[in-house]
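Data block below; observations after.
Excluded from the calculations below are hydrogen atoms, water molecules and symmetry mates; all remaining heavy atoms, backbone and side chain alike, are included. In this chain, residues are counted from 1 in sequence order. Atoms within a ligand are numbered from 1 in the order they appear, just like the ligands themselves.
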Amino acid sequence: MDLQGRLQKHQEAGLYRQRRLLSSPQTPEQCVDGQSLIGFCSNDYLGLANHPKVIEAMVTAAQRYGVGAGASHLVNGHHETHHDLETALAEFLGYPSVLLFSTGYMANTGTLNALLDRKSLVVQDRLNHASLLDGGLSSGATFKRFNHGDYSHLDQQLSGDSPQKWAVTDGIFSMDGDQADLRRMANVCAKHNAGLMVDDAHGIGVCGPNGRGTVAQQGLGVTEVPVLVGTLGKACGTFGAFVAGSEQLTDALVQFARPYIYTTALPPAVAAASLTALQLLAQADEARAHLQQLQSRLRQELTAMGYHLWDSVSPIQPVMIGDAAQAMAYSDALLKRGLLVTAIRPPTVPKHTARLRVTLSASHTNQQLDQLLQAFYDLRHLDRSYHGA
Ligand SMILES: *Cc1c(COP(=O)(O)O)cnc(C)c1O
């Protein structure tokens, strides 16, 4: 089909998307399309994207090392700032080895394609991030899904006699904010002699002791979760991603993961900024406690207003609306009140589960949350038909 026809169909189906233009840092007060707004849709959970120490680390490193890495890691773009960040991440997570990737999308597709072959079986939670699903589908392995959080279904899907089996899950689910039960998954995996890969993009920095994420929070490590992926563009406030595992795993990824091999290394200054951000993140217990308090308040007060919320344990708090057009109307009404909350619609989420995805940050104040809650209160009284199906 021609592009014009496809675009028109997309528009008619209500799926057409447009980018907003941000002209300020990623902070709660933002300038979006020329309008001053309070944002509730950033992944910058700890407010590190605009932290003066992180900015300073980046500027200092750029002055010393320049901007571009100039080459891929295997040619001569592997800089000492990359090395220092890998070492610090391994120590922070308590994993033997860490390998940096340019993005989380590449870490997931690259790792799955390197680990799996045609004889392998990979079983994924239905609600996994698109990069995990894409990696599994493109690997050539037998690809199965299990119903979200249904570990007896996982058990069934893992049976059979493939020579190599992997189960894959998000640590915290990006559209729902709930957490995988990794201990149960690890038990199911052990029974089938399967490996477990966890993408904790939204958990690292946010939960667990010192912000070490979902794996550490559940008392697990490299034995139960031999492949742990994290991203640096979320709570860390910078850019990039990593895979943690055994020395053998990261060695194999350097040799076989094509999105690692055939791409320019991250700018060294970005790695330097990430190292500073990681140090701040590890000491951010106060920020995490504030975030937790904002989360509890939001949940308590919206539930009391009659909104239907998910069982989310994270700063990602979806408010269920149901109908896609109605979710858009809510989002537009919030925007008129100077509040930016994105509506998430199918196909990103299952049909009839359109939602407003509120994400909180430790840099939000209680006064900013008051404004959001007041707006939700007003809307609830305008919309008598709300049932949050
Ligand atoms: C954001 C995200 C990614 C992608 O990471 P990028 O570095 O932005 O490419 C992967 N997995 C999950 C669960 C994510 O939320």
We want to know whether Q30 and Q26 form a side-chain donor-acceptor pair, criterion being a heavy-atom distance below 3.5 angstrom. yes

If you measure from the Lys or Arg side-chain nitrogens to the Asp or Glu carboxylate oxygens, is any gap between D155 and K191 under 4.0 Å? yes

I'd like to know if R126 and D150 make a salt bridge, using a cut-off of under 4.0 Å between side-chain N and carboxylate O. no

Ligand 1 atoms in contact with H202 (distance to a heavy atom under 4.0 Å): 14 (C), 15 (O)

Could you tell me whether [X] approaches ligand 1 through its side chain, its backbone, both or neither, with non-hydrogen atoms closer than 4.0 Å?
X	answer
K234	side chain
T103	both
N108	side chain

Looking at ligand 1, is there an atom of it that comes within less than 4.0 Å of some heavy atom belonging to A241? no

To the nearest 0.1 Å, how far is atom 7 (O) of ligand 1 from its closest protein heavy atom, and which atom is that? G104 N, 2.7 Å

Heavy atom of the protein closest to atom 11 (N) of ligand 1 (residue, atom name, distance): D199 OD2, 2.5 Å

Going by heavy atoms in the side chains, are N366 and R297 under 4.5 Å from each other? yes

Please walk me through it: do H129 and Y105 pass ring pair (Phe, Tyr, Trp, His ring centres under 6.0 Å)? CA-CA 9 Å; H129 190 264; Y105 192 98; 7.3 Å; no

Looking only at N/O atoms, are T231 and ligand 1 under 3.5 Å apart anywhere? no

Would H148 and F173 count as a close aromatic pair, with their ring centres under 6.0 Å? yes

